[in-house]
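Report on the following structure.
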Amino acid sequence: MSSLQQRIGRGRSTQVMIGTLAASYLRLVWKTSRFEFDPPDIYEAVEVDLPAILAMWHGQHFMAPFIKRAWHRAKVLISRHRDGEINAIAAQRLGIETIRGSGGRYDRKGGVGAFREMVDALAQGYTVALTADVPKVSRIVGLGIVMLARESGRPIFPIAVATSRRIELSNWDRSAINLPFSRGAMVGGKAIRVAPDADDAALESCRRAVEAELNVVTTRAYALVDRSAKDRHHA
C-alpha cells in the first residue's frame, strides 16, 4: 500500500465513514434477525447487580451493543489503535459511550488511564463491557478484568452472542462476522465476584473462572443457533 493510501486510510473522514457504515450494517443484522435470550429472564436476573462488568471474547463481540436496553447506562472499552477508532465511531453511532485504552496491560497504550476510567464509570452507575482476552492471544482471559472487579466491587457477567448466518475468519481471534436474516442467541453466564482483598492466588482463581464461564456461554450460544439452523434445514 502506498503512503498516500495509508494516509487516506488513517484520515478522520475515512474512519467516520467506515464506522458509520459498520453501525448501519450491524443495525441491519439486528433488525432482520430473531434473537432468543438464554436464560429467558436474563435481564431480570442481572438487574439487581447493575452496574456490572460484561466480559466477551474478542471477535465475538460485534452484536454486543444491542444487549443494552434503552434505560441502561453503558460504556465499552476500545483500544486506541486505528481499527479501534473505527470501532469507537460505530459504538457511538449505536448509542454506546466509549473508554479508550487497553484492558490487558495498565503500563502502556493508555491502560492506566483506561482502568481508572472504568472504575469511575462503574462507580457512576455505568455498566462496562470489554473483551477479556489477553491482547493478541485468543480465548485466554487476562488479569485486567478481574483486577477491575476487585477494585470496583462489581460482578463480572460473561456473555456471548452468536448468529446462525456468519462468516468465520481465520485471524487470531477467530472473528465471526454476523450476517443478516439470522437466528441469534444472547447467552449470559454466572456472575463471578472478586473479593476486595483478593491476593494473587485468588485473582488467578477468578481469572480461570471467567475464562471457563466464557467458554460455556460461547459454546451454548453457538449450539443454540446452529442447532436451530440444522433443525430448519431438515424440517
Side-chain angles (χ1 to χ4, degrees), residues 30 35-78 91 94-99 103-104 114-115 117-134 138-163 173 176 184-196 198 202-225:
W30 175 252
F35 281 83
E36 66 176 300
F37 299 93
D38 185 56
D41 64 345
I42 184 171
Y43 285 101
E44 293 78 8
V46 304
E47 198 72 33
V48 296
D49 279 315
L50 296 182
I53 301 164
L54 303 185
M56 304 165 286
W57 283 136
H58 204 282
Q60 315 297 311
H61 62 286
F62 298 112
M63 299 304 296
F66 300 99
I67 294 171
K68 175 182 172 293
R69 292 281 178 88
W71 59 88
H72 291 153
R73 302 170 72 203
K75 294 189 177 186
V76 61
L77 177 69
I78 297 178
L94 294 171
I96 307 294
E97 296 182 50
T98 62
I99 296 170
F115 184 79
E117 280 192 65
M118 288 189 289
V119 172
D120 291 344
L122 288 159
Q124 294 163 14
Y126 286 90
T127 286
V128 171
L130 66 156
T131 53
D133 316 60
V134 173
S138 178
R139 310 297 174 91
I140 301 294
V141 169
L143 281 172
I145 194 167
V146 292
M147 292 172 68
L148 177 62
R150 180 179 66 178
E151 180 72 14
S152 66
R154 306 313 304 163
I156 300 168
F157 283 97
I159 59 172
V161 185
T163 54
D173 60 7
M186 292 188 173
V187 180
K190 300 174 184 176
I192 292 97
R193 303 176 194 276
V194 183
L203 284 175
E204 173 60 16
S205 177
C206 291
R207 188 201 67 78
R208 290 178 178 273
V210 174
E211 188 173 291
E213 193 66 12
L214 267 173
N215 286 330
V216 167
V217 296
T218 300
T219 298
R220 173 65 174 164
Y222 281 103
L224 285 171
V225 298

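If you read the sequence from its start, that first residue is 1, and numbering goes on from there. Here the structure is a predicted model, which means the values were calculated and not measured.
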**Q.** For Asp120, all residues meeting salt bridge (charged side-chain N to carboxylate O under 4.0 Å, His left out), sequence neighbours excluded
**A.** none

(Q) The criterion is side chain to side chain donor-acceptor pair (under 3.5 Å); which residues satisfy it with Thr98, sequence neighbours excluded? (A) Gln92

Q | Asp133 bridged to Arg139 by N-O distance under 4.0 Å | A | no

Q: Decide yes or no for Val217 and Ile159: does some side-chain heavy atom of the first lie under 4.5 Å from some side-chain heavy atom of the second?
A: no

Q: Please name all residues satisfying salt bridge (charged side-chain N to carboxylate O under 4.0 Å, His left out) with Glu204, sequence neighbours left out, ordered by chain then number.
A: Arg207, Arg208

Q | Under the side chain to side chain donor-acceptor pair (under 3.5 Å) test, residues paired with His61 that sit two or more places apart | A | none

Considering only distance and modelled atom types, tabulate donor-acceptor pairs under 3.5 Å from the side chains of residues 185-196, sequence neighbours left out.
from, atom 1, to, atom 2, distance (Å)
Arg193, NH1, Asp49, OD1, 3.3
Arg193, NH2, Asp49, OD1, 3.4
Arg193, NH2, Asp49, OD2, 3.0

Q. Hey, are the side chains of Thr127 and Phe157 touching, using non-hydrogen atoms and a 4.5 Å cut-off?
A. no

Q) Ring centroid separation for Tyr43 and Phe37, is it under 6.0 angstrom? A) yes

(Q) Quick check: do Arg69 and Glu47 have side-chain heavy atoms less than 4.5 Å from each other? (A) no

Q. Residues in side chain to side chain donor-acceptor pair (under 3.5 Å) with Tyr126, at least two apart?
A. Arg73, Glu97

Q) Under a 4.5 Å cut-off applied to non-hydrogen side-chain atoms, are Leu224 and Glu36 in contact? A) yes

Q | Under 3.5 Å donor-acceptor, Arg150 side chain and Ala198 backbone | A | yes

